[in-house]
2 protein chains.
Amino acid sequence: MNETSGTAAAQPTERIPAAERREQILAAASVVFGERGYAGATTDQVARAAGISQPYVVRMFGTKENLFLEVLARALGRLVAAFRQIIAEPREHGEDEAELLAMRLGAAYVDLIEDRGILLSLMQAFISGHNTVVGAKARAGFLEIYRMLRDEAGFPPDAIRGFLADGMLFNTLLAIRLPDIFDEDPDAEELMRCTFRGKLDVVLGATAADAAEHA
Amino acid sequence: MNETSGTAAAQPTERIPAAERREQILAAASVVFGERGYAGATTDQVARAAGISQPYVVRMFGTKENLFLEVLARALGRLVAAFRQIIAEPREHGEDEAELLAMRLGAAYVDLIEDRGILLSLMQAFISGHNTVVGAKARAGFLEIYRMLRDEAGFPPDAIRGFLADGMLFNTLLAIRLPDIFDEDPDAEELMRCTFRGKLDVVLGATAADAAEHA
DNA sequence: CTACTTTGTAATCATTCGATTACAACATTC
DNA sequence: GAATGTTGTAATCGAATGATTACAAAGTAG
């Protein structure tokens with residue numbers, strides 16, 4: 001259960017209320033699961049990212065699967081909350097009302113990348129459909145988003161499809177780490193630019209900050 | 001290295017030329033990796049799906065990582081071949097020429113689901129960007145598709161984004177196994193229908209055949 | 001028939017990893 | 001200042017898994 005500890009100082013670990021520690025672990029687990037997937041991540045990696053010992057992670061969440069389910073629920077909660085806030089905002093009615101709302105929701109979605117791990121762990125859950133329990137939660141979560149777009153945002157079917165499709169492409173380009181090869185292949189940046197338009201700076205800012213954090 | 005063997009008869013395993021056996025393993029691995037991901041799949045599961053022993057899989061491909069890389073290359077090859085064939089087809093020029101080509105490519109993409117595992121293992125590779133060697137191949141593969149749409153199909157940026165986005169949503173709904181809950185939640189079918197339009201029958205046919213095969 | 005190559009498996013090894021146990025340090029209450 | 005609860009870790013266990021080894025059976029060449 002070892003792993004070469006990074007340069008981060010291994011302080012004697014201060015005592016912290018369980019609720020607060022819980023959120024720390026969930027935040028760390030979001031990043032780790034988002035990067036490596038459910039099966040690819042280890043509880044030890046999560047523990048190290050959270051600055052605590054591996055047994056503590058397991059005891060607090062029972063099982064690794066349970067931890068992942070909570071990460072998924074947390075990510076879904078953040079996403080839904082962000083969307084609902086946009087939808088609830090007062091907006092003037094017009095012919096392009098739906099289009100404007102879609103733009104705002106899209107911007108909110110892109111901004112979610114700042115909360116490192118949210119979108120990636122969501123995506124990791126989405127492709128775990130084969131897993132009985134994780135898959136069920138992922139399907140339910142996806143449908144919740146669908147219903148929100150349909151009922152609360154009032155999107156017509158084509159708008160829903162277009163919005164979800166853009167989101168999945170966003171997630172994929174994020175997961176595949178296209179910015180990592182901007183130097184080697186200019187097409188990588190071109191594809192990112194053609195996908196994100198003006199919002200590319202936000203994405204690059206977040207991924208660059210993450211890369212620096214990793215170094 | 002055990003696992004409850006299915007009802008499939010465990011024949012004494014006939015001797016088969018290495019090249020043929022190799023393709024069998026790759027086909028089986030496509031399905032297994034597509035369902036469970038790179039980290040989630042085991043070489044033993046691949047071996048059982050191919051009807052041979054686990055050591056043989058490892059010896060033929062060296063490592064699990066190598067096997068996954070070959071699965072990825074094979075999937076990418078099939079996709080590129082299918083696209084190139086459509087692009088090479090003679091077509092009359094008109095104002096909606098690009099749109100028609102996009103429709104045909106989209107149909108070809110959906111049809112790829114028949115070759116079980118191709119699209120899912122591709123998607124699994126796309127979200128493995130964190131893995132150094134797999135991630136590099138996945139990025140290169142994605143960019144190859146991008147270049148094909150841009151240079152060979154002659155798509156404008158917006159068409160590329162739309163096409164790729166639809167494809168990623170397709171992959172995601174496929175991976176999340178939405179058809180599994182058509183009975184429980186009618187919204188699941190509604191979302192599938194809003195995404196695939198007329199092509200839903202093709203998708204359902206393929207996934208149903210796969211489900212029956214699993215039973 | 002004998003030697004050699006190809007195709008395949010059984011047995012097993014070393015590692016990894018999730019989980020458990022036992023215990024320690026700190027805080028709180030009475 | 002005991003007693004009790006909270007927060008945390010070290011040590012370790014058992015199962016899973018990728019990989020290796022040794023071996024067998026079938027084909028092929030001479």
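Chain naming here is simple, since letters A, B, ... match the order of the sequence lines and numbering starts at 1 in each. Here the structure is a predicted model, which means the values were calculated and not measured.
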Under-4.0 Å side-chain N/O to phosphate OP1/OP2 contact, [X] with [N]:
{"X": "A/Thr13", "N": "D/dT7", "value": "no"}
{"X": "B/Thr43", "N": "D/dT17", "value": "no"}
{"X": "A/Arg59", "N": "C/dT20", "value": "no"}

Handout entry: Parallel, tilted or perpendicular: ring planes of A/Tyr109 versus A/Phe170, cut at 30 and 60 degrees
Key = perpendicular
Exercise for the section: Taking only Lys NZ, Arg NE, NH1 and NH2, and the carboxylate oxygens of Asp or Glu, determine whether B/Arg177 and B/Glu35 approach each other closer than 4.0 Å. Expected result: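 Result for this pair is yes, salt bridge flagged.
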Problem - B/Arg139/A/Asp185 ion pair, N-O < 4.0 Å - result: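 Salt bridge absent between B/Arg139 and A/Asp185.
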Exercise for the section: Tell me what A/Ala41 touches on the nucleic acid: a base, only sugar-phosphate, or nothing, going by heavy atoms under 4.0 Å. Expected result: sugar-phosphate
Problem - Comparing B/Ala39 and A/Ala18 on DNA chain D - which has the more 5′ nearest nucleotide - result: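 Residue closer to the 5' terminus by nearest nucleotide: A/Ala18.
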Handout entry: Interatomic distance where CZ belongs to A/Phe61 and P belongs to C/dT20 [whole Å]
Key = 16 Å
Exercise for the section: Starting from P on D/dT17, measure out to CZ on B/Phe33 and report it in whole angstrom. Expected result: 13 Å
Closest approach to the side chain of [X], judged atom by atom: which nucleotide of [options] is it?
{"X": "A/Ser53", "options": "D/dT17, D/dT9, C/dT9", "value": "D/dT9"}
{"X": "B/Ile52", "options": "D/dA25, D/dA10, C/dT9", "value": "C/dT9"}
{"X": "B/Lys64", "options": "D/dT7, D/dA26, D/dA19", "value": "D/dA19"}
{"X": "A/Gln54", "options": "C/dT7, C/dG18, C/dC26", "value": "C/dG18"}
{"X": "B/Pro55", "options": "C/dT7, D/dT21, D/dG18", "value": "D/dT21"}
{"X": "B/Val58", "options": "D/dA25, D/dG8, D/dT20", "value": "D/dT20"}
{"X": "B/Tyr56", "options": "C/dT20, C/dG8, D/dT7", "value": "C/dG8"}

Practice task
Mark yes or no: A/Lys64 above the aromatic ring of A/Phe33, with NZ or CZ under 6.0 Å from the six-membered ring centre and no more than 45 degrees from the axis.
Solution key: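 Because its charged atom misses either the 6.0 Å distance or the 45° angle limit, A/Lys64 does not stack over A/Phe33.
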Practice task
Please check if any side-chain donor atom of B/Gln24 sits under 3.5 Å from a side-chain acceptor atom of B/Arg21, or the reverse.
Solution key: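 Present: a donor and an acceptor within the cut-off.
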Practice task
Confirm from the modelled atom types if A/Arg21 and D/dT7 form a donor-acceptor pair under 3.5 Å, side chain to base only.
Solution key: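 When only heavy-atom distances are counted, A/Arg21 does not reach the base of D/dT7 through any donor-acceptor pair under 3.5 Å.
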